[in-house]
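Inspection log for the structure reproduced underneath, given as structure tokens.
This one's a predicted model, so the numbers in the text were calculated from it and none came from an experiment. Whatever order the structure lists ligands and atoms in, that order sets their numbers, starting from 1.
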Amino acid sequence: MNDLIVKLLEFMKKTFSGVQPSGELHLGNYLGAIKNWVSMQDEYDATFCIVDLHAITVPQDPKELRRRILDVAKAYIALGIDPEKSNIFVQSDVNAHTELCWILNCVAARMGDMEKMTQFKDKSAKGDAQRASVGLFDYPVLMAADILLYDTDVVPVGEDQVQHVELARTLARRFNKKFGDTFIVPQPELTTEGKRIMGLDDPTKKMSKSAVSKYNYITLMDEPDVVRKKIRKAVTDSGSDVTYSDERPALQNLLNIYTLLSKKSIKEIELMYDGRGFGDFKNDLAEVIIEFLTSFQQRVNDISDEEVKRILKSGAKKANEQATQKIQEVKEKIGFVM
Ligand code: AQP
């Protein structure tokens with residue numbers, strides 16, 4: 001990066017976000033979060049992380065996890081995150097994340113805050129809640145540490161993560177009040193139609209990597225025939241006309257995916273299928289998705305492991321430089337001998 005770019009970055013607002021390498025990325029991850037990151041990277045000093053420490057809050061196979069970390073990094077790049085503009089790194093390469101998490105656990109987070117977190121309730125309810133990891137309970141504090149370490153102004157996330165960004169705001173304010181101005185209080189930023197892409201098998205729950213049925217999601221690596229089958233099987237509401245309405249959440253979800261991937265407005269799509277019914281609509285939607293995925297998959301295949309490892313290594317170096325400054329300031333303020 002030349003000196004002029006470094007100078008410009010000093011004046012730009014900062015954005016930070018991440019995805020867990022906890023499974024194959026799906027359309028919800030892209031349309032709810034990463035698509036927004038791509039458009040933000042020109043306006044912001046942007047940092048995008050692969051949050052592997054978050055992924056281990058639920059059991060992971062080490063070999064698969066290692067593979068997926070590289071796959072998520074490749075996906076970021078293939079979806080349009082430009083490593084020349086945005087810093088991309090792996091969370092566990094920067095020790096300050098876990099250090100700040102512990103400090104926030106002790107001096108800012110309270111049990112009352114944590115007990116309100118709905119994602120913990122949802123995820124622990126999927127198995128035996130008593131056997132859920134302590135890390136899963138503490139996940140939102142680690143996420144606050146991720147965000148606060150980089151003086152983040154704006155956090156682009158899907159709706160499911162807004163409560164966690166709110167917690168980061170609370171912890172920043174609480175710490176600042178007690179120890180003096182240290183952290184920027186970050187803002188969440190949501191896309192509109194993509195903020196909550198719902199499961200194809202159940203439009204009342206979000207599309208999720210860890211869903212029990214593979215008919216819940218479309219992964220970014222799904223083959224054309226798999227996409228066709230999943231869209232064919234996607235639940236639809238009663239009636240046969242293709243119209244957008246809150247009363248028809250399944251169709252609304254499919255229309256949101258269609259508009260976001262095709263750049264056609266909802267109105268245009270409704271007109272296209274006026275009097276034609278769900279069959280044609282679903283067939284065409286499947287082809288819109290396949291077209292997007294095919295070119296994405298080609299770009300992924302063009303990125304080698306070596307190239308992505310080199311990008312992550314230089315990303316970790318830059319992130320470590322920024323995070324070390326902040327964690328030292330924090331340690332000094334809370335009374336550690338520096
Ligand atoms: N269905 C969704 N609609 C819109 N946005 C979504 N995001 C996830 N699912 C949807 C957004 O994607 C970003 C990365 O999410 P994550 O992988 O870190 O964790 P998550 O939110 O817990 O996603 P999953 O797919 O549900 O993963 P698992 O099943 O492993 O927990 C976030 O900005 C998120 O809002």
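Across all non-hydrogen atoms, the minimal contact from D42 to M12 is O-CE, 3.4 Å. Residues D241 and R248 come closest through the heavy atom pair O-NH1, 2.9 Å. Nearest heavy-atom pair, V185 versus A172, reported as atom, atom and distance to 0.1 Å: CG2-CB, 4.2 Å.
Atoms of ligand 1 lying under 4.0 Å from any heavy atom of S210, numbered from 1 in the order shown and given with element: 28 (P), 29 (O). Here is the list of ligand 1 atoms found below 4.0 Å of a heavy atom in A33: 12 (O), 13 (C), 33 (O). With ligand atoms numbered from 1 in the order given, ligand 1 contributes 14 (C), 17 (O), 18 (O) to contacts under 4.0 Å with heavy atoms of V19. Of all the atoms in ligand 1, the ones that sit under 4.0 Å from a non-hydrogen atom of K206 are 1 (N), 8 (C), 9 (N), 20 (P), 21 (O), 22 (O), 23 (O), 24 (P), 26 (O). Per-residue contacts place S22 under 4.0 angstrom from the following atoms of ligand 1 (heavy atoms of the residue considered): 30 (O). Residue I197 approaches ligand 1 through these ligand atoms, each under 4.0 Å from one of its heavy atoms: 1 (N), 2 (C), 3 (N), 4 (C). Counting atoms of ligand 1 from 1 in the listed order, those under 4.0 Å from a heavy atom of G32 are 4 (C), 5 (N).
Under a 4.0 Å heavy-atom criterion, G199 is not in contact with ligand 1. Residue contacts with ligand 1 include Q119, since one or more of its heavy atoms lies under 4.0 Å from the ligand.
Counting protein heavy atoms only, atom 33 (O) of ligand 1 is closest to G158 N, 3.2 Å. For atom 32 (C) of ligand 1, the nearest non-hydrogen atom of the protein is Q161 CG, 3.9 Å. The protein heavy-atom contact nearest to atom 8 (C) of ligand 1 is N29 ND2, 3.2 Å. Scanning all protein heavy atoms for the shortest distance to atom 6 (C) of ligand 1 gives G28 O, 3.4 Å. Protein heavy atom closest to atom 27 (O) of ligand 1, with residue, atom name and distance, is K209 NZ, 3.1 Å. Scanning the protein heavy atoms around atom 31 (O) of ligand 1, the nearest turns out to be K123 NZ, 2.6 Å.
Considering CD1 of I56 and OG of S22, their distance stands at 12.0 Å, rounded to 0.5 Å. To the nearest 0.5 Å, the span separating CD1 on I266 from CG on L260 amounts to 7.5 Å.
Under the 30°/60° scheme for interplanar angles, the aromatic rings of F48 and W37 are found to lie parallel. Between F292 and Y30, the ring planes lie parallel to each other; the angle is under 30°, not in the 30° to 60° tilted range.
Residue H26 touches ligand 1 through its side chain alone, judged by heavy-atom distances below 4.0 Å. Residue Q20 touches ligand 1 through backbone and side chain together, judged by heavy-atom distances below 4.0 Å. Contacts between S208 and ligand 1, counted as non-hydrogen atom pairs separated by less than 4.0 Å, involve both the backbone and the side chain.
The neighbour count for E291 CD, taken as heavy atoms of other residues, nucleotides or ligands under 6.0 Å away, does not exceed 12. The environment of K233 atom NZ is sparse: at most 12 non-hydrogen atoms of other residues, nucleotides or ligands sit within 6.0 angstrom.
The six-membered or imidazole ring of Y273 lies away from that of F278, with a centre-to-centre distance of 6.0 Å or more.
Nearest-heavy-atom check against atom 35 (O) of ligand 1 across V157, D160, L31 picks out D160.
At under 3.5 Å, not a single nitrogen or oxygen of V51, backbone or side chain, sits near a nitrogen or oxygen of ligand 1.
No side-chain donor-acceptor contact under 3.5 Å links S92 to the backbone of D52.
Considering only heavy atoms from C-beta on, L148 stays 4.5 Å or farther from F175 through its side chain.
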